[in-house]
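See structure below.
Start at 1 with the first residue, then count along the sequence. Both counts, for ligands and for their atoms, begin at 1 and track the order of listing.
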Amino acid sequence: MKIMRNPTILVIDDNPLNIGVIVDHLEVQNYDVLVALGGLEALERVRYVTPDLILLDVMMPDLDGFETCRRLKQQPSTRDVPVIFMTALTDLDSKIAAFNAGGVDYVTKPFQITELLARVRTHLALHQTQSELKDEVRARQTIEVSLRESELRHRRLFETAGDGILVFDSATGLINDVNTRYTDILGGSADDLRGRKAADVLNGYTHGMGTAIVDALSTQTEARWDDWSWQRPDGTDVSVEIVGATYHAGDRLLAQCSFRDIRARKEAEARVRYLALHDSLTGLPNRTLLMDRLGQSMAHVRRHQGQVALLLLDLDHFKHINDSLGHLVGDGLLEEVAKRLRSVLRESDTPARLGGDEFVIAASGISCAADAEGLAERVLDCFRPVAHVLGHNLRINASIGISLYPGDGDTPVALLQAADTAMYQAKKKGRGQYRLFSHDLSMAADRWHTLSSDLHGACERGEFVLHYQPQFSLDKSTITGLEALLRWQHPTEGMIEPGLFIPLLEEHGQMVEVGRWVLRTACLQNAAWQAQGLRKVRVAVNLSAQQFYRCDIVGAVNEALSESGLSPQWLELELTESLTLDDNEAVLKTMKDLKALGVQLSLDDFGTGWSSLSYLKRFPLDRIKIDRSFVRDIVNDASTAAIVHSILDLARQLGLDCVAEGVETVDQLDHLRHEQCAEIQGFLLSKAIHPDGIANLLMSNAQPGREENSTNVRRRA
Ligand SMILES: Nc1nc2c(ncn2[C@@H]2O[C@@H]3COP(=O)(O)O[C@H]4[C@@H](O)[C@H](n5cnc6c(=O)[nH]c(N)nc65)O[C@@H]4COP(=O)(O)O[C@H]3[C@H]2O)c(=O)[nH]1
C-alpha cells in the first residue's frame, strides 16, 4: 500500500520522558505521532487509528510489551503493522520472546536516536514494499477470478444465445467455434465445423454468400445481411438474418457471425399482412387489397390496352336471412358464396368481399362489355344450386352491377361507385339480375340519393298514400279483394312507386313504422267503405320481413283492427315467399297467432322463392298468389304453363285459394280461366287506383270493362 500522507507512528511507553524524546525526534522527521502510556491504552487507541508502525516498550505495569504485541497481532487491523521493541532487556530470551510475539525489530535502551530513526525508516519502507506486493498479488488473484468468471459467462452466453454464432479467424478464414444454436438453425455438428473454411461452409447454404460474408468481414468491422433464404444440409429451408462483426482476441482478429432464425417473424409478418388485406370470414381479399389490385389492373390497361371490369354483387335478402336464421347461418352463406365465386373465376380475376353481403370481382383480360356480361351470367349460374347451410336449404340470389375501365370511371373509387349505381339498378329489376353501368344510371343514382334523404320524416309529413288494386273472381267477375299498395306523394317529384322507395325504407329501418301506418290506414279505409254501405271485400296488406321479425306484428295487427273496428275476416296479410323461408317454429307460431286473430293469410310472389313447397302444408295459409313472372309467360312458354298448372293443382289439393297476379292480356286471362284459377289481378282489369275510384267501383260493384281500361290492355305478340 502506498502511503501518500505522513506515516503515523504509535509510541507505547509508560515513561513520559522516553516518550517526549522520541516524539520530538519523530516529529522533526515529519512523522505523525500517537502516544500511549501502556498496553491497554494502546489497544484502545488502535481501535480508532491504524498506525503505520509501532514503537513498543517491553516493561510496562498494566500489560507488558510482549502481550501487547501478541494482542495487536491478533487484530486484523494491526496484524501487519510492524512493531519495533524498545527495551532495556538485553538477554537473548527477551529478544526471542519479542520476535515470537510478532515484533520485527528490537532496540535496546539506551539507544542512539539516529539508530532508532534509521530502523523506523527501514521498517516503514519494508512494510510499504510488502504491502504493495500483497496488493499486487491480491489484484492478480482478483483479475484471474474475474477472467475465469468472464470466460464462464461468455461461454454460457455463447451456448445459450438465441442466435446461431459462428466465429472464424479473419486471417486464415478457418472456423474457430460454433454454438449449439448455430447447428440447430443451420445443421451440421460443431466438431465437424471447427477448423473448416468458413467461406466453404457458408457457401454450402447458398452459393457465393459465404465468400461474400468472409470478404466483407476482412475489410469491415461490421456488416449485416437481412432476410436470406438458405437451404440446410438436410434440404429444408430457413430464413436468416446475419450480423457480422470483428474483434481482437490477443494478437488474432476474429470475425463473429450471428445467424437469427427469422422464420417465425416472417410468418407473423405474413399473417399480419394477410389479415390487413383479407376478409377474415371468407379469406377473400378485402377492400384495401381489391383497390390496390384494381389500380394495378387499370394501370396495366392504360399501357397495354384492353379493359377491366368491376362486378359488384349484393346478395338479395341477405339481411333477412341474418335476421331470421341468425348470424351463423348468414356467415355460412357468405362462405358458400365466396367458395362458389372462386370456382368460376380465372387466375387473373380478383374476388373480394367489401363487408356485409357485398362482394366484388375485378376482372382483367376483358375485351368488351359482353365478356363482363358473360362473367356476370357465370356468377349468377354458379349461385343457382341450392346452398345447404347448417341444416337450411338456401337459395343464393345476387344483383350485379358492372362498370368498365376505361369508360365508367378513372379511378378505382369512381369505378366502384359506377358499379354500385349499376347494382342498385339491377336490384330494382328484381332478383338475380345484372346491369351494366351507363351515365344515365348515374343520374338515376343521384336521384336515388336525393330521394333517400327526402324519405326521412315522409310518414310524419303525411306524404304516403295507399292505392288499391282490385282482385276479381273469374266466375262471377266481381271484386273479391283490394290489394293496398303504398305510394309516396313526393312534394316535387310527384307520385313515386314503391319499387323505388321501399328498399330505401328497409335500408333505413323505417319499414316497421311505415308498415304500421299502412296497416292502420288500410283497415280504417276498409271500415269506412263498409260504413258507407259499400260491398264488403277483404283488403290485402303486404308485410315486409322487417315488420315480421322486428316488431310485434300480432300486436300491430290487433291494434289496427281495434282502432278501425274492421272485422278481421276482411283483412288479408300478404307474406312474401322469402319471408317464410325460415320454416321454423317461431315463424309458424307468429302465423298461427295472426290466424287466431281471424285475419286471412296469403303467400305473395309464389313460385319465385326459395325452395321447398313443404311449408304450404305446414303454414296456416288461405291463399297463394301466383307471381306475375309466371303469368307473363303462361301463354308462350309451355313449361311455365305446366308450372302454373301444377301450382293450381297443388293449391286445390291443399284447399287453398289462388290469385294470379299481373294479368295483362286477354290470352292470359283466357288461359287462367281455362285453368280454373279462382281470382285474378292485373292491369288488364285495373291498375292500383286512388281510394275515391275504389269507392265508385265498389258502389257499382262492377268489373271495369275491358274497353274502359283498354289503355291497360297489352296483348302479347
Ligand atoms: N307489370 C304489371 N304489374 C302489375 C300488374 N298488376 C299489378 N301489378 C303490380 O304488381 C305489384 C303487386 O304487388 P306486390 O307483388 O305485392 O309487390 C309490391 C310489394 O312487394 C311492395 N309494396 C307495395 N306496397 C307495399 C306496402 O304497403 N308494404 C310492403 N311491405 N310492401 C309493399 O311493392 C311492390 C310493388 O308494388 P307496385 O309497384 O304497387 O306494384 C304492384 C302492382 O302495381 C300487371 O298486370 N302488370
Side-chain angles (χ1 to χ4, degrees), residues 316-317 320 427-431 458-459 463-472 481-489 495-507 509-523 525 539-551 553 556-557 560 571-579 602-609 623-635 659-669 672 679-691 694 704 706 709 711-716:
D316 299 325
H317 301 302
H320 169 54
K427 238 183 179 9
K428 279 168 59 186
K429 283 194 336 190
R431 296 179 192 122
C459 198
E463 290 174 8
F464 289 123
V465 286
L466 286 184
H467 282 187
Y468 297 85
Q469 187 177 30
Q471 296 161 341
F472 294 89
L482 298 163
E483 181 176 1
L485 292 163
L486 189 58
R487 302 286 180 261
W488 177 18
Q489 184 65 60
M495 196 68 90
I496 299 178
E497 302 288 304
L500 199 59
F501 65 85
I502 283 189
L504 289 174
L505 285 175
E506 280 177 339
E507 217 170 275
Q510 290 171 282
M511 199 54 225
V512 170
E513 178 205 346
V514 176
R516 211 180 267 269
W517 176 88
V518 172
L519 259 174
R520 236 180 105 244
T521 309
C523 288
Q525 180 64 77
V539 66
V541 170
N542 289 281
L543 289 191
S544 80
Q546 279 184 8
Q547 277 175 285
F548 204 77
Y549 289 108
R550 295 201 190 153
C551 82
I553 185 64
V557 171
L571 175 64
E572 177 177 287
L573 302 174
E574 288 194 9
L575 316 176
T576 62
E577 205 178 341
S578 66
L579 191 147
S602 65
L603 194 56
D604 205 3
D605 306 335
F606 187 76
T608 57
R623 190 167 291 104
I624 53 178
K625 296 186 75 180
I626 301 173
D627 190 68
R628 63 175 181 272
S629 59
F630 290 102
V631 174
R632 186 188 60 210
D633 297 336
I634 198 171
V635 181
V659 181
E661 287 186 295
V663 180
E664 294 184 351
T665 68
V666 177
D667 289 348
Q668 290 164 354
L669 181 68
L672 289 163
E679 293 172 60
I680 50 164
Q681 174 181 351
F683 290 169
L684 178 68
L685 299 142
S686 172
K687 282 193 161 183
I689 48 181
H690 191 271
I694 292 290
R706 287 178 202 166
N709 285 276
T711 48
N712 294 332
V713 177
R714 275 180 273 148
R715 253 179 202 280
R716 292 175 74 85

**OP:** Measure the spacing between CD of Glu661 and CD1 of Ile626 and express it to the nearest 0.5 Å.
**Re:** 9.5 Å
**OP:** Run the numbers for me: atoms of ligand 1, each under 4.0 Å from some heavy atom of Met511, listed by number.
**Re:** 28 (N), 29 (C), 30 (N)
Original post:
Which one of Ala660, Pro498, Ser544 has a non-hydrogen atom at the shortest distance from atom 33 (O) of ligand 1?
Top reply: Pro498
**OP:** Please round to the nearest 0.5 Å and tell me the distance separating atom CD of Glu497 and atom NE2 of His467.
**Re:** 9.0 Å
Original post:
Given Val663, Ile502, Asp604, which has its nearest heavy atom closest to atom 16 (O) of ligand 1?
Top reply: Asp604
Original post:
In terms of atom number and element, which parts of ligand 1 are under 4.0 angstrom from non-hydrogen atoms of Gly682?
Top reply: 6 (N), 45 (O)
Original post:
Quick one: which ligand 1 atoms are inside 4.0 Å of a heavy atom on Glu664?
Top reply: 1 (N), 2 (C), 44 (C), 45 (O), 46 (N)
Original post:
Purely on distance, is any nitrogen or oxygen of Gly499 under 3.5 Å from one on ligand 1?
Top reply: no
Original post:
From Leu482 CG over to Gln681 CD, what is the distance, rounded to the nearest 0.5 angstrom?
Top reply: 9.5 Å
**OP:** State the atoms of ligand 1, each with its element, that fall below the 4.0 Å cut-off from a heavy-atom position in Val518.
**Re:** 27 (O)
Original post:
Taking atom CG of Leu669 and atom CD1 of Ile680, what is their separation to the nearest 0.5 Å?
Top reply: 4.5 Å
**OP:** Would you indicate which of Lys687, Arg628, Glu661, Glu483 comes nearest to atom 11 (C) of ligand 1 when only heavy atoms are counted?
**Re:** Arg628
**OP:** Measure up the Phe464 and Trp488 rings against each other and bin them: parallel (under 30°), tilted (30 to 60°), perpendicular (over 60°).
**Re:** tilted
**OP:** Quick one: do Thr665 and Asp667 satisfy side chain to side chain donor-acceptor pair (under 3.5 Å)? Show the steps, please.
**Re:** CA-CA 5 Å; Thr665 68; Asp667 289 348; 5.3 Å; no
Original post:
About how many Å separate OG1 of Thr521 and CZ of Arg516, when rounded to the nearest 0.5 Å?
Top reply: 12.5 Å
Subject >> His467 contact mode with ligand 1 (heavy-atom cut-off under 4.0 Å) >> reply: neither
**OP:** Examine ligand 1 and decide if any of its atoms is less than 4.0 Å from a heavy atom belonging to Gln469.
**Re:** yes
Original post:
Atom CD in Gln471, atom OG in Ser602: separation rounded to 0.5 Å?
Top reply: 7.5 Å
Original post:
With a cut-off of 4.0 Å, which atoms of ligand 1 are near a heavy atom of Glu497?
Top reply: 38 (O)
Original post:
N/O of Phe683 under 3.5 Å from N/O of ligand 1, yes or no?
Top reply: yes
